[in-house]
Number of protein chains: 2
Amino acid sequence: MNAKGKILIADDEPDIVEIIRYNLNKEGYEIVTANNGDDAIQKAKLSQPDLIILDIMMPRKNGVEVCEILRAQPAFKDTVIVFLTALSDESSHVKGLETGADDYISKPVSPKILVSRIHAIFRRINKEPEEKVIKIDNLEIDPVKFEAKVDSKAVVLAKKEFELLYLLASKPGRVFLRNEILNQIWGNDVIVGDRTIDVHIRKIRQKLGIDCITTVKGVGYKFTM
Amino acid sequence: MNAKGKILIADDEPDIVEIIRYNLNKEGYEIVTANNGDDAIQKAKLSQPDLIILDIMMPRKNGVEVCEILRAQPAFKDTVIVFLTALSDESSHVKGLETGADDYISKPVSPKILVSRIHAIFRRINKEPEEKVIKIDNLEIDPVKFEAKVDSKAVVLAKKEFELLYLLASKPGRVFLRNEILNQIWGNDVIVGDRTIDVHIRKIRQKLGIDCITTVKGVGYKFTM
DNA sequence: ATATTGAGTTCACAATTTGTTAATATGAAG
DNA sequence: CTTCATATTAACAAATTGTGAACTCAATAT
C-alpha cells in the first residue's frame with residue numbers, strides 16, 4: 001500500500017511505541033521510531049516525517065526540548081508535532097502547546113482515539129497543499145508572498161488579518177460561522193473572545209478600502225464582490 | 001435552528017450540567033440530562049441520544065458502570081460515549097477507555113474546548129446531512145451561502161426568515177404544522193407566541209415578492225409554486 | 001539589556017439589526 | 001353577521017455586531 005504519510009514515534013517505553021506503531025501501520029502510514037530525545041532528533045532529520053509523535057518524558061532530551069530544537073529549524077517549521085502526555089503531566093502539557101506542538105494525546109493511549117486523531121491531522125495537512133493565489137476582480141491575494149493587492153496596489157496585512165481574508169476569499173459567497181473561523185484560524189483549543197473576530201474583520205475592511213466582506217448577522221461572515 | 005444532534009449529559013453536580021447544557025444548547029444541540037447512573041441509563045434508552053457525556057463519579061452507578069451496561073446493548077453499540085473526568089481521577093480514566101469510551105473531557109470544563117470537541121465528534125460521526133441548494137422554478141435557496149435568489153436576484157433574509165423558508169421549501173407541498181415549525185426552528189423548549197410565525201412568514205413573502213407560501217387555515221403553512 | 005513597535009486581544013459602549021409582542025384589521029366559513 | 005384564524009402594522013425588546021481606546025506581549029531595533 002502506498003504510504004499515506006510518514007510518522008515518527010518517539011517514546012522510551014517499547015510497549016507504547018509498539019501499540020502506536022502497530023495501529024498506525026495498519027492504517028497505512030509509514031512509521032519510524034526513536035526511543036530517546038537525541039535519537040528522535042536524528043531520525044527526524046534523516047526521514048523528514050510529516051508528523052512527529054513525541055513522548056514528553058524521555059531520556060536524553062525530553063519531548064519539549066526536542067520540539068523546541070526541531071521547531072527552531074526551518075525544515076521542521078511546518079511539521080506537525082503531537083505530544084504524548086501522561087495525565088499527571090499537566091504542566092508539561094501546557095508547556096508543550098506553548099512550545100509549538102499542534103496537538104497532544106493523553107496516555108494511556110486508546111488506539112481508536114489515536115487513529116482518529118492522526119487521521120484528522122493528516123486530513124488537515126493534506127487539505128491545503130494548494131496554497132494558490134486568489135484573484136477576484138481587482139483584488140489579489142497571494143499566500144506565498146503573504147501579500148494582498150487592490151488594483152495592483154499592495155496592501156499590508158497582519159498575519160491574522162491575512163489568514164482571515166484568505167479563508168473567506170477561498171470560498172467566495174460561502175458563509176463561515178464564527179466557530180468555523182475560530183477553529184480554522186485560531187485552532188480548536190484556543191480561547192479568544194467573540195469581539196476579536198470583529199476587530200480583525202474591521203481592520204481588513206479598513207485596509208482594503210473595498211467592501212468585500214459581508215456580515216450575516218447571527219451566522220457569520222462571507223466574502224462577496 | 002434544526003437540532004444538530006441529541007446529547008445526554010449525566011452528572012450529579014447541577015452546576016456542571018447547567019454549564020454544559022447551556023453551551024451545547026446554544027450551539028443547536030438537543031439536550032437531555034440525568035443526575036445519577038440509573039437515571040442516565042433510563043434517559044439514554046428513552047431518548048436514544050447520539051452522544052452521551054458521562055461523569056465518572058456519580059451516585060447510583062458510576063460512569064464506568066453505566067458505560068459498560070449501555071455498551072452491552074446493541075442499541076448503544078455505536079453511540080459515542082465521552083467521559084467527564086476530574087484530573088485526580090486517573091485510575092477511573094484508564095478504566096474508562098478500556099470500557100469503550102470514545103473520548104474524555106477533563107474537569108474543570110472550559111466551554112470553548114467542550115464545544116469544539118463535541119463539534120469535532122459530531123463531524124466525525126455525522127453523515128453530513130447534506131446542506132444543499134434548493135432550486136424551484138425561479139427561486140433558489142443556498143444554505144451554504146445563506147442566500148436566497150429570485151430570478152437570479154439576491155434577496156437578503158434574516159436568520160430566522162431564512163431558516164423558515166428553507167424548512168418549508170425543503171419539502172414543497174407538505175404542510176408544516178405551527179408546532180412543527182416551532183420545534184424545528186425555535187427548538188422544543190423555546191416559547192414564543194403564535195403571531196411570531198405569521199410575522200416571519202409575512203416578511204418572507206414581502207421580501208421574496210413572489211407568492212410561494214400558502215396558508216392552510218387551522219393547520220399551518222406549506223411551500224407551493 | 002532596554003526601548004520601541006505593532007500585532008493581537010479585550011473591553012465598554014454605541015449602532016444596528018433582528019425577533020417578538022400587542023393591538024387591530026381582514027377575510028373566509030358557517 | 002358573528003366567529004375564528006390569520007394578516008398587518010408599529011412599537012418594543014433582545015441579540016448581535018461595530019467602534020475606539022487601552023492593554024499585553026513578543027519580536028525587533030537601539
Side-chain angles (χ1 to χ4, degrees), chain A residues 68 71-72 77 97-100 146-148 155-168 175-179 181-182 184-187 189-209 211-222 224, chain B residues 1 22-23 25-28 112 146-148 155-168 175-179 181-182 184-187 189-209 211-222 224:
Chain A
E68 277 170 349
R71 272 280 187 263
K77 194 168 175 291
L97 286 179
E98 285 167 0
T99 314
F146 213 88
E147 178 183 83
V155 175
V156 181
L157 294 176
K159 193 173 140 203
K160 280 259 160 19
E161 291 156 21
F162 187 89
E163 288 172 350
L164 184 44
L165 175 62
Y166 190 79
L167 174 67
L168 295 177
V175 178
F176 288 84
L177 313 182
R178 297 181 94 89
N179 264 328
I181 295 174
L182 285 178
Q184 292 284 322
I185 310 286
W186 277 265
D189 294 351
V190 179
I191 300 169
V192 290
D194 260 5
R195 294 283 120 277
T196 301
I197 295 180
D198 306 24
V199 175
H200 286 292
I201 293 280
R202 176 182 46 172
K203 285 210 154 186
I204 296 172
R205 285 170 170 161
Q206 230 168 40
K207 287 185 177 179
L208 292 186
D211 181 34
C212 59
I213 298 177
T214 307
T215 304
V216 183
K217 269 212 165 188
V219 187
Y221 293 94
K222 66 179 174 183
T224 39
Chain B
M1 188 120 53
Y22 171 77
N23 282 288
N25 194 57
K26 199 175 58 180
E27 294 294 318
K112 284 261 167 85
F146 214 91
E147 176 184 84
V155 176
V156 180
L157 295 176
K159 194 173 141 192
K160 280 259 163 15
E161 291 156 23
F162 187 89
E163 288 172 353
L164 184 45
L165 174 62
Y166 191 79
L167 173 67
L168 296 178
V175 181
F176 287 84
L177 314 182
R178 299 181 91 89
N179 262 329
I181 295 174
L182 285 179
Q184 293 283 319
I185 310 286
W186 277 265
D189 39 6
V190 180
I191 301 169
V192 291
D194 258 8
R195 294 295 115 248
T196 301
I197 297 179
D198 305 21
V199 174
H200 284 295
I201 293 281
R202 177 177 164 277
K203 283 203 160 180
I204 296 171
R205 285 169 169 161
Q206 215 171 47
K207 287 186 176 178
L208 292 187
D211 181 34
C212 59
I213 297 177
T214 307
T215 304
V216 183
K217 262 203 157 186
V219 188
Y221 295 94
K222 68 178 175 181
T224 40

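Proteins come first, then strands; the chains are lettered A, B, ... in the order of their sequence lines, and each starts at number 1.
As rounded to whole Å, 9 Å separates atom C1' of C:dT18 from atom NZ of B:K207. To the nearest angstrom, C1' of C:dG19 lies 14 Å from CG of B:L157. Regarding A:I191, its CD1 atom lies at a distance of 18 Å from the C1' atom of C:dC11, rounded to whole Å. Protein atom CZ of B:F146 is 13 Å distant from nucleotide atom C1' of C:dT17, rounded to whole Å. Remark: P of D:dA21 and CD of A:Q206 are 12 Å apart, rounded to the nearest angstrom. Remark: P of D:dT9 and NZ of B:K203 are 12 Å apart, rounded to the nearest angstrom. Rounded to a whole Å, the CD1 atom of A:I181 is 15 Å from the P atom of C:dG8. We find that NZ of B:K159 is positioned 17 Å from P of D:dA14, with the value rounded to whole Å.
Here the OG1 atom belonging to A:T214 is positioned 13.0 Å from the CZ atom belonging to B:F146, to the nearest 0.5 angstrom. The line from OG1 of B:T224 to CG of B:D211 is 6.5 Å long, rounded to the nearest 0.5 Å.
In terms of heavy-atom proximity, B:K207 sits nearest to B:V155 at O-CG1, 3.7 Å. In terms of heavy-atom proximity, B:F176 sits nearest to B:L167 at CZ-O, 3.5 Å. Closest non-hydrogen pair, A:K217 versus B:K159, comes out as O-CB, 4.2 Å.
Of all nucleotides listed (D:dT19, C:dT21, C:dG19), C:dT21 comes nearest to the side chain of B:V192.
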Tabulate protein N/O versus nucleotide N/O from nucleotides 2-7 of chain D, keeping only pairs under 3.5 Å, one per line.
residue	atom	partner	partner atom	Å
D:dA5	O3'	B:G218	N	3.3
D:dT6	OP1	B:R178	NH1	3.3
D:dT6	OP1	B:G218	N	3.3
D:dA7	OP1	B:R205	NH1	3.0
D:dA7	OP1	B:T215	OG1	2.5
D:dA7	OP2	B:Y221	OH	2.6

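Checked by atom type and distance alone, the side chain of A:R178 never pairs as donor or acceptor with a backbone atom of A:I197 at under 3.5 Å.
B:H200 and B:W186 have tilted rings, their planes meeting at an angle from 30° to 60° on a 0 to 90° scale.
At the phosphate of C:dT21, OP1 or OP2 sits under 4.0 Å from a side-chain N or O atom of B:T196. Phosphate contact (OP1/OP2 of C:dT9, side-chain N/O of A:W186, threshold under 4.0 Å): present. Proximity of B:H200 to the phosphate of C:dT18: no side-chain N or O atom is located under 4.0 Å from OP1 or OP2.
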